[in-house]
Amino acid sequence: MTTDLTTAGVTVTWREAALATGPADRAAAEDGVRRAYRDAGLAEPEHILWFDSPAAGAVAAAALSGGPEARAALAAAGLGRAADQVLAQVGTAPAGRSVRDSVRTGPWERARRAVHEALGPAGWSGAWASSGGELWPPVNRLVLEIRRAIAETDELLRRVTLDAVLGQHDAAWLCVFAPDAGVVREILSGVAETERSALGALCQVARAAGWWWPFERVALLCERPVELHLDDLGRLHRADGPAMLFADGFALQAWHGMPVPADFGATMATLDAGRIRSESNAELRRVMLEHFGYDRYLADSGASPIHADETGVLWRIALPDDEDVIMVEVVNSTPEPDGTRRTYFLRVPPWVVRARQGVAWTFGVTEEEYRPERET
């Protein structure tokens, strides 16, 4: 996988860059931004302003680009003071239009065209699959969650996030197109020097900082998160605090990728059957059930079996405002080393009405086809 890069004399991977936490290398990031402007044929920004999170950066971008109506919307959302502070730093001259297309989209399109034409469709697919194709899903998931959390404040801010250059999260595509990516190094050597340099500038910012917004006169740069917690599948997850936290307090709470309230982790530590039944959010209730354990919930809620035969016992858990949970209880026919046999609860579709039908479904066959010589 062509994801190695060197920053500050240390070799890291593009995955590590994308998921990096801690203070930005502000000097390197600002130098990269100025390079990106120059390589796009633009004058360097007159002001480079720093913010502690993408949420704060989005407020600043909205204040600079949206005009009086946007500033009124920010004020209505309780963000007027933050917007005024940004405007005071920039001065009376307008920030100018967004130059994202010049500093980011144009170089990306030219590099992709060069690589695709040189490798052909099959070669391009292979190059992408071994680099960006692996990194894109988890990183894009983070980007979408950040945008979702920012949009909870105001829809205007969600639209502004679409104009951001993603800094460290651009690693998901820079890992295949960057000048230091081995798979395309020779190909990119044939691309115009200015285009190669533009990618190099984006790489430099991605290694050093988080999201940023480029305007004609002003560039807005954001710090990386101070904390990031993921589960084994690369999803945001933390039981005892924010899964992603920025220095200004902007945070994302998540349980195995699902957004949850800030106090959800504490709730999980004191769960009981009654608390699960009283949860009005069906998605949160499912998470609670998985954490609490279906077998434990069955015992604590006083549920009764609805069918039993030689294959197992079928249970139904009725949940308010949600489909019933149907579980089939089976006993492992192979004993453990100590001679005991483990009991398993397998979730099956709501239409299952007989235990054998449920067990057969778990094997991908019909009830009539399920005739095992020996169960394991």
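These values consider heavy atoms only, across backbone and side chains, with no hydrogens, waters or symmetry-generated copies.
- Linking ILVMFWY side-chain heavy atoms closer than 4.5 Å, directly or via other members, places L162 and V160 in two distinct hydrophobic clusters.
- V328 and W351 end up in the same hydrophobic cluster when Ile, Leu, Val, Met, Phe, Trp and Tyr side chains are linked at under 4.5 Å.
- Taking the side chain as every heavy atom from C-beta outward, L42 and S102 approach each other to under 4.5 Å.
- Residues E134 and R15 are not paired through a salt bridge, judged by the lack of any N-O separation under 4.0 Å between the basic side chain and the carboxylate.
- Listed for the D300 side chain is no donor-acceptor partner under 3.5 Å among the backbone atoms of A273.
- E30 places no side-chain N or O within 3.5 Å of a backbone atom of A27 that could act as its donor or acceptor partner.
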For this session: Evaluate the criterion side-chain contact (heavy atoms from CB on, under 4.5 Å) for residue pair D52 and C222; output intermediate values, then yes/no.
Result: CA-CA 6 Å; D52 284 337; C222 298; over 6 Å; no
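- At a threshold of 4.5 Å between side-chain heavy atoms, the hydrophobic network of Ile, Leu, Val, Met, Phe, Trp and Tyr places L19 and V143 in one connected group.
- At least one side-chain heavy atom of L221 sits less than 4.5 Å from a side-chain heavy atom of I48.
- Taking a cutoff of 4.0 Å between a charged side-chain nitrogen and a carboxylate oxygen, R112 and E109 do not qualify as a salt bridge.
- In this structure, the side chain of Q168 does not engage the main chain of A206 through any donor-acceptor pair within 3.5 Å.
- A salt bridge links R104 to D170: at least one charged side-chain nitrogen sits closer than 4.0 Å to a carboxylate oxygen.
- Side-chain contact between L220 and W212 is absent, with no heavy atoms from C-beta onward closer than 4.5 Å.
- Ring planes of H291 and W255: perpendicular class, angle over 60° (limits at 30 and 60°).
- No hydrogens or angles considered: nothing links the side chains of W361 and E367 as a donor-acceptor pair under 3.5 Å.
- What you find for V103 and A36 is that their closest heavy atoms are CG1-O, 3.8 Å.
- Atoms OG and CD1, from S53 and I150 in turn, are 7.0 Å apart once rounded to the nearest 0.5 Å.
- Counting all heavy atoms, side chain and backbone alike, V33 lies closest to P45 at CG1-CG, 4.3 Å.
- Among residues two or more places apart in sequence or in another chain, the side chain to side chain contact (heavy atoms under 4.5 Å, CB included) test is passed with E329 by V313, W315, T343, F345.
- Note: L174 CG to C203 SG = 4.5 Å, rounded to the nearest 0.5 Å.
- Ring pair F292/Y297 is perpendicular by interplanar angle, where above 60° counts as perpendicular and below 30° as parallel.
- Rounding to the nearest 0.5 Å places CE of M327 at 7.5 Å from CZ of R347.
- Contact between D25 and R224 at its shortest, heavy atoms only, is N-NH2, 4.3 Å.
- Summarising the geometry, atom CH2 belonging to W14 is positioned 9.0 Å from atom CH2 belonging to W173; distances are rounded to the nearest 0.5 Å.
- Qualifying ring-ring contact (aromatic ring centres under 6.0 Å, His included) partners for F246, counting only residues two or more places apart in sequence or in other chains: F250.
- With rounding to the nearest 0.5 Å, the separation of CG in L199 from CG in D39 is 9.5 Å.
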Exercise. Should D163 and S98 be marked as a side chain to side chain donor-acceptor pair (under 3.5 Å) after you check the CA-CA gap, both sets of side-chain angles, and the distance that decides it?
Worked result: CA-CA 8 Å; D163 290 328; S98 170; 5.2 Å; no
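- When the side-chain hydrogen bond (donor to acceptor under 3.5 Å, both in side chains) test is applied to R158, the partners found at least two apart in sequence or on another chain are E155.
- Two residues are said to be in side-chain contact when any heavy atoms from C-beta on lie closer than 4.5 Å; I306 and L314 meet this criterion.
- When hydrophobic clusters are built by joining Ile, Leu, Val, Met, Phe, Trp and Tyr residues whose side-chain heavy atoms come closer than 4.5 Å, directly or via intermediates, V348 is grouped together with Y370.
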Problem set entry | side-chain contact (heavy atoms from CB on, under 4.5 Å) between T161 and I146, intermediate numbers included | CA-CA 9 Å; T161 64; I146 291 172; over 6 Å; no
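- Taking both residues in full, the closest heavy atoms of V205 and G32 are given as CG2-C, 3.6 Å, listed atom of the first, atom of the second, then distance.
- Under the 3.5 Å distance criterion, the side-chain polar atoms of R207 are left unmatched by any main-chain donor or acceptor of A17.
- When all heavy atoms of W213 and A58 are compared, the pair lying nearest together is CH2-N, 3.6 Å.
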For this session: Evaluate side-chain contact (heavy atoms from CB on, under 4.5 Å) for E227 paired with R238, printing each intermediate quantity in order.
Result: CA-CA 11 Å; E227 291 187 40; R238 192 180 180 190; 3.0 Å; yes
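- Remark: side-chain polar atoms of H237 are paired, donor with acceptor, to backbone N or O of H256 under 3.5 angstrom.
- The main-chain N or O of R235 is found under 3.5 Å from a side-chain atom of D231 such that the two form a donor-acceptor pair.
- Two residues are said to be in side-chain contact when any heavy atoms from C-beta on lie closer than 4.5 Å; M244 and L236 meet this criterion.
- V139 and L245 fall into different hydrophobic clusters, where Ile, Leu, Val, Met, Phe, Trp and Tyr side chains are chained together by heavy-atom contacts under 4.5 Å.
- Among all heavy-atom pairs drawn from S65 and A61, the shortest one is OG-O, 2.6 Å.
- For the residue pair R35 / Q204, a side-chain donor-acceptor distance below 3.5 Å is found, with atom types taken as modelled.
- One finds the CG atom of L252 at 8.5 Å from the CG atom of L142 (value rounded to the nearest 0.5 Å).
- A heavy-atom distance below 4.5 Å is not found between the side chains of V359 and L346.
- Crowding of W136 atom CH2: a count of heavy atoms from other residues, nucleotides or ligands under 6.0 Å not exceeding 12.
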Exercise. Taking it one step at a time, do L284 and M258 satisfy side-chain contact (heavy atoms from CB on, under 4.5 Å)?
Worked result: CA-CA 9 Å; L284 293 182; M258 190 181 80; 3.2 Å; yes
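- Residues W211 and H169 meet the side-chain proximity criterion, which asks for heavy atoms closer than 4.5 Å.
- For the pair R217 and H47, the minimum side-chain heavy-atom distance is below 4.5 Å.
- Ion pairing between E279 and R275 holds under the 4.0 Å rule for side-chain N and carboxylate O.
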